[in-house]
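First up is the structure itself, then whatever we jot down about it.
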Amino acid sequence: MHVLIIGGCGFVGSHVVDKCLAEGMAVRVLDPARPNSRIAHPEVDYVRGHLEDQARLPEFLSGIDAVVHLASTTIPSSSNLDPASDISGNLIPMIRLLEAMREHGPRKLVFLSSGGTIYGIPNMCPVPETHLPQPICSYGVVKAAMEHYLQMEQHLHGLQATILRPSNIYGPRQGRLGVQGVIGTYLHNLSLGLPIEVWGDGSVIRDFLYVQDFADICHQALMSSLTGCFNAGSGTGISIRDLIGRIQRTVGGPVHPIYRDGRGFDVPRVVLDISKVNAAFGWTPRVGLDEGLAGTWNWVSKCDAA
Ligand SMILES: NC(=O)c1ccc[n+]([C@@H]2O[C@H](COP(=O)([O-])OP(=O)(O)OC[C@H]3O[C@@H](n4cnc5c(N)ncnc54)[C@H](O)[C@@H]3O)[C@@H](O)[C@H]2O)c1
């Protein structure tokens, strides 16, 4: 199978590339960024470009059987500053992609939505896929709109769309400034001797998923004819305060966070119900939080020392 991974030079995308290669797929990556030299693969066809580049879509899709769409130009914390750019940078290019896929061949698409923002402030926890989307940030609103267009494309034109709604993904290769990545930011800061900050009193609850577990379900979704929306999380919540306690044990020293005012777009508690993805794919995360933190800390320490 020839797969196009859009955003394959990013944190999550690079792990999905690794997994697809390990499973014997031929991989093309579309990304404006260059692959990090430490993780670039000679057998991957890295194409530098933007999804917005409509004229090049036939070239990007040539010879491709399936697409994984991981590109995003926004993050939850900054998306409300310019929702119009969120729409023009993410929603419209995806609609152009769907039109080009209709014309040039591939009928399978795996899309990364957002389990952390699409439900807004959930009425229940763990939150199932049947919960009404009621996002409170533009990033989540645009992800919801993208999901709807995928479902429309499936209904009208036979696209096979598998939508994954990940929780908070963490692990090696996550950048220090990744605003979606509190674990990456904390570990890099601690490794560099910088302070860590907590927005609010640390009671916010999140669901953390190790990136290789996510790459596994992404690959399974790609290989499957199953369509629809699937949460992809650990199914377990932890407060930021308790996470810091776990991080303290991982790094083997005291951690003294600086507490800042809470942010309006932060949902107080999100834990994903993963029974649907488990029943459909037999998938369940294999890496627990302590093991995942240790693996991430090991990578961060080497990376920051280099
Ligand atoms: N990291 C998380 O915890 C998390 C959680 C839920 C959903 N997601 C979603 O997963 C996807 C990947 O997230 P990530 O954390 O790896 O982000 P990332 O920023 O590390 O990677 C995104 C990649 O997309 C590329 N990209 C951006 N705009 C592009 C464009 N127009 N055309 C082609 N490539 C483009 C970037 O250069 C980058 O390499 C995103 O869609 C994000 O919304 C991430």
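Counting starts at 1 for both ligands and their atoms, following the listed order.
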Check ligand 1 against [X] and write out every atom of the ligand that is under 4.0 Å from a heavy-atom position of the residue.
X	result
E52	30 (C), 31 (N)
H50	31 (N), 32 (N)
C9	39 (O)
P166	6 (C), 7 (C)
T73	28 (N)
S113	6 (C), 7 (C)
S72	27 (C), 40 (C), 41 (O), 43 (O)
I169	2 (C), 3 (O)

Any [X] heavy atom less than 4.0 Å to ligand 1:
X	value
G116	no
P32	yes
S167	yes
P93	no
R165	no

Does any N/O atom on [X] come nearer than 3.5 Å to any N/O atom on ligand 1?
X	answer
V12	yes
Q174	no
I6	no
A33	no
L51	yes

Original post:
Quick one: does ligand 1 sit under 4.0 Å from the side chain of Y139, the backbone, both or neither, non-hydrogen atoms only?
Top reply: side chain
Original post:
Heavy atom under 4.0 Å from ligand 1: found in H69's side chain, backbone, both, or neither?
Top reply: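 Within the 4.0 Å criterion, H69 makes no contact with ligand 1.
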**OP:** Check whether more than 12 heavy atoms from other residues, nucleotides or ligands sit under 6.0 Å from atom CZ of R286, and answer yes or no.
**Re:** no
**OP:** Tell me, yes or no, whether the heavy-atom count around N123 atom CG, taken from other residues, nucleotides or ligands under 6.0 Å, exceeds 12.
**Re:** yes
Which atom pair, heavy atoms only, marks the closest approach of [X] to [Y]?
X	Y	answer
L57	R96	CD1-O, 3.7 Å
P285	G233	CG-O, 3.3 Å
K108	T162	NZ-OG1, 2.7 Å

Check for a donor-acceptor pair, side chain of [X] on one end and backbone N or O of [Y] on the other, with a separation under 3.5 Å.
X	Y	value
D207	L272	yes
Q220	G282	no
D65	H2	yes
R249	D290	no

**OP:** Give the single entry among L70, L112, D53 that approaches atom 40 (C) of ligand 1 most closely by any heavy atom.
**Re:** L70
Original post:
Within a strict 4.5 Å, meaning less than it, do heavy atoms of the K143 and R165 side chains meet?
Top reply: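 They are not in side-chain contact.
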Subject >> Interatomic spacing from CD in Q160 to OG1 in T227 - rounded to 0.5 Å >> reply: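 Rounded to the nearest 0.5 Å, the CD-OG1 separation comes out at 7.0 Å.
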Original post:
Looking at L61, L30, L222, which one forms a side chain to side chain contact (heavy atoms under 4.5 Å, CB included) with V67?
Top reply: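 Among L61, L30, L222, the one that satisfies the side chain to side chain contact (heavy atoms under 4.5 Å, CB included) with V67 is L61.
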Original post:
Do you know which of L97, V68, L4 makes side chain to side chain contact (heavy atoms under 4.5 Å, CB included) with L109?
Top reply: L97
